[in-house]
Amino acid sequence: MRLFPKVLLLILGLLILLAAVLTVVEVRNETRQISSLVEQKGTQIARVLSVSALPHLVNRDFGTLNALLQETQRGSDLIAGALLGPDGVILAHTDINRLGDKGSDDLVLQAAGGEGAVVKHMGSGNDAVMAVGVPVRLRGDMLGVLRLEFSETAVYKSIRSTVFRGIGVAAAALVIGSILAFAASGLITRPILQLTASAGKIARGDMSYPIAVNRKDEIGQLAAAFQSMTEGLKRTFGDLVREKRRTEAIVQSVPDGMVTVDAGRRVTFMNPAALSVLGFSADEVLGRPCVEILGNPPCVADCFLAGGNGAASARREEMGLITKTGRPIRVIKTVAPMQDEDGRVAGAVETIQDVTQTRRLEEKVRQSERLASVGKLAAGVAHEINNPLSAVIGISGVLLRRLPADHPDRGPLQEISDYGKRSARIVRDLLNYARQMPPEKRSTDMNRLVRESVQRIERANPDKRFSVTFDLDPSLPDVLADPYQMEQVFSNIVLNAVQSLNGEGEVRIVSALDGDRIRISVIDNGCGIPPENRSRVFEPFFTTRPQGMGTGLGLSISYGIVSGHGGTIDVESEEGIGTCFIVRLPLSPISRGPV
Amino acid sequence: MAAVLAVGLVASPAQAGSAEPLRLGVFPYQSPLKIYNDFQPVAQYLSRELGRPVLVETSPSMERFVEQASRQRYDIVYAGLSYYIQLREKAGYRAIATVVRGDASSRRGALLARQDSGIRTVSDLKGKKVGALHPDAVCGYVLQRQLLQEGGVNPDRDVEFVFIGKLDSIIFSVLNRTVDAAAVDLSELAGKERGIVDKMRVLAVTPEVPDFPIAVRKGLNGGIVERIRLALIQARDSSVLAPFRATAFEPARDSDYDALAALIRKSP
């Protein structure tokens with residue numbers, strides 16, 4: 001129960017108790033007083049009446065005696081009056097029907113035997129009667145007894161009146177007391193309610209609620225202390241808010257992703273950088289198991305927590321993740337435990353640094369450096385070999401023309417000529433690769449270029465059983481590219497795909513706009529590239545085909561051409577599932593405009 | 001003492017003329033002061049009607065009243081029956097009017113007992129106490145003696161008379177069994193409350209006798225006597241009638257009381 005009704009009830013209870021006690025005391029006093037007065041009055045009347053009756057009794061003037069009694073009864077509380085003779089016969093009575101009857105009782109006998117008045121109370125409430133007996137004597141001779149019965153109803157009426165008055169006073173006291181108690185309780189509880197309201201506001205974080213208790217008593221002191229505490233809290237809270245905002249700002253602006261998980265391995269926080277890297281919105285991740293968000297392999301936090309080593313230091317590792325859109329990325333994760341006040345692991349905080357691009361660039365740099373060195377070497381070698389090789393091809397040609405058709409040396413000589421030509425072709429490729437000729441760019445419809453490249457391959461490999469399907473974006477804008485070089489690129493990639501099919505399978509070519517680039521993906525469902533080879537596919541002379549089936553320069557040349565156009569070429573592959581080469585070329589300034 | 005009281009009670013009415021005042025003597029059936037006060041309106045009325053002062057006088061006792069009347073002190077007297085008979089025979093007063101109570105100008109006595117007393121006839125009163133008004137009370141004793149005798153009860157031997165003096169007290173004495181029977185004036189009983197009357201059994205009733213007379217002294221001027229009679233008969237004012245407990249007066253002759261006088265003479 002609240003304080004206000006308690007105080008109210010307490011005061012009212014005290015008032016009722018006080019009124020009841022006062023009423024009881026008053027009733028007892030009044031009863032005693034009235035009874036005493038009635039007794040005195042009754043005795044007095046009886047004595048006066050006995051004196052008045054004496055001569056009439058002596059003169060046997062019973063008519064006057066009766067008249068006396070009836071006159072006495074009139075306008076008084078006398079219920080019945082009787083004068084009894086010494087033999088107990090009623091000589092006079094207020095009720096003439098009783099005349100002549102025997103009317104002795106204890107009171108009469110007691111009065112007859114004594115000198116003074118005898119009083120006896122009988123009945124109660126409305127039937128309460130006070131009987132008074134007085135002897136009527138003449139010179140010691142007992143002539144009779146006067147017996148009077150007075151109603152004490154008036155006494156009880158007076159007592160009832162007192163009780164009602166008491167109840168009235170109690171009721172009035174209750175009403176007035178209620179008002180006063182209400183006011184008094186209000187004086188006490190109103191400031192407390194204000195303090196309670198203030199505490200509630202403060203609990204909800206509203207420190208601006210003023211505590212308007214202008215009193216100098218204990219409640220005022222309490223309010224002042226409360227106000228002081230509130231202001232202290234307000235300052236502390238302000239500091240905390242500012243610190244929190246600063247921390248939030250830091251966390252929000254950190255370029256690395258930040259994820260927190262609770263002990264149940266559920267995501268509790270993810271900063272914008274983490275959301276951006278993983279491709280989720282905050283609503284999609286909060287509360288979800290981190291393994292669902294951070295993909296397979298299980299998140300480090302999960303592993304960390306599973307280890308249960310709360311005292312362990314932070315861990316850092318690089319790993320691959322799959323984004324919401326399925327894009328593989330490389331991240332460096334740092335996982336540190338979050339401990340509660342008891343030192344137990346309450347969760348973990350992870351930072352995610354997306355190093356996909358970095359790794360890619362690093363690889364490209366390495367590859368470029370590798371290719372550059374290979375190119376230089378190849379150019380030098382080719383230059384040195386080209387002259388002797390020209391001599392071999394020329395001399396072998398001259399000799400073949402001189403030898404008759406059936407000359408037994410003609411066969412070996414022919415082989416020398418063929419190998420020489422083949423070597424010359426290799427040298428040419430090397431030179432092409434090494435020279436890295438600047439592209440002669442012009443507006444090129446890449447969809448059309450891709451289709452024509454595929455047609456040429458199909459014509460050149462009529463025995464190959466494969467199908468090429470196109471999913472080309474018809475709205476793909478033209479780009480500035482060297483058609484010859486780009487045809488060479490797609491011929492290499494598509495040939496590579498066809499060859500991975502091992503004579504059977506499907507190649508799908510997809511073109512699409514990808515931001516400020518166009519993207520052309522060549523996807524096959526061939527044998528795929530083993531992980532250990534994926535980083536080497538663009539290395540010159542790297543080939544998995546049998547000796548003499550390829551120079552291993554096609555993809556290296558393609559890489560060089562695409563790079564020369566300001567684009568990128570990437571490979572994604574799963575062994576046994578297939579490979580996807582993705583060529584991205586920048587849009588020309590014209591193409592970037594509204595299409 | 002009686003003379004002093006009598007003189008003290010003489011108050012002249014308003015219209016006293018030069019003529020000698022007339023004295024109205026009222027028999028002392030109540031206290032002198034009460035009689036004086038009650039009869040003032042009567043005196044004033046008669047003074048107006050007669051054209052001469054009328055004084056109210058009474059005496060402290062019956063004996064004194066009779067003595068004064070015997071000396072012709074009262075010109076007009078109002079007395080009980082037995083006293084009137086005495087005054088008539090001793091001083092020559094003669095009745096000129098009689099009191100009418102209700103419709104009757106006569107009265108009668110009776111013997112009464114409690115309904116539950118077992119006394120049913122006059123003869124049952126043998127050996128009983130009988131409450132009576134006064135030895136001179138005609139309707140409250142004298143006539144009842146006759147009834148007892150007629151009922152075969154010797155009033156002097158067979159019953160004990162107890163003279164109580166007031167009708168109410170006689171009745172209450174019967175009711176509280178102090179006495180067994182009562183000799184009462186029935187005309188007086190008529191005014192008592194019904195509850196009391198109902199408790200009483202009437203054992204016997206006396207013959208009727210004329211009611212109390214208003215008499216004049218012997219030798220009073222005849223013209224005045226007639227004017228007095230006329231004034232009384234014509235009186236209608238309740239203040240004049242009330243002292244007599246009368247509703248009216250009617251003319252009476254002295255001979256109307258002869259039978260009563262004879263009856264009283266026979267009484268001891």
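As the structure is a computational prediction, the values presented were derived from the model and not from experiment.
- With rounding to the nearest 0.5 Å, the separation of CZ in Phe172(B) from CG in Leu65(A) is 9.5 Å.
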CA sep, side-chain torsions, deciding dist, call: Asn176(B), Ile90(A), side chain to side chain contact (heavy atoms under 4.5 Å, CB included): CA-CA 6 Å; Asn176(B) 68 20; Ile90(A) 297 172; over 6 Å; no
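- No part of Leu167(B) comes within reach of chain A, as not one of its non-hydrogen atoms sits under 4.5 angstrom from that chain.
- Within the 3.5 Å criterion, the main-chain N or O of Gly63(A) finds no donor-acceptor partner in the side chain of Asp168(B).
- For chain A, the nearby parts of Leu175(B) are the backbone and the side chain; heavy atoms of each come within less than 4.5 Å.
- In this structure, Asp237(B) places its CG atom where more than 12 heavy-atom neighbours from other residues, nucleotides or ligands lie under 6.0 Å away.
- Under 3.5 Å, the side chains of Asn59(A) and Lys166(B) contain no donor-acceptor pair of N or O atoms.
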Criterion side chain to side chain contact (heavy atoms under 4.5 Å, CB included) on Arg177(B) and Leu99(A), from CA distance to verdict: CA-CA 8 Å; Arg177(B) 302 182 203 277; Leu99(A) 292 173; over 6 Å; no
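- Looking at Asp61(A), both its backbone and its side chain come within 4.5 Å of chain B, counting heavy atoms on both sides.
- When each of Gly165(B), Ser173(B), Gly131(B), Ser169(B) is scored by its heavy-atom pairs under 4.5 Å with chain A, the top score falls to Ser169(B).
- Enclosure of atom CG in Asp103(B) is not indicated, since only 12 or fewer non-hydrogen atoms of other residues, nucleotides or ligands lie within 6.0 angstrom.
- Not one N or O on the side chain of Arg60(A) forms a donor-acceptor pair closer than 3.5 Å with the backbone of Ile164(B).
- Heavy-atom contacts from other residues, nucleotides or ligands closer than 6.0 Å to CD of Gln44(A) number 12 or fewer.
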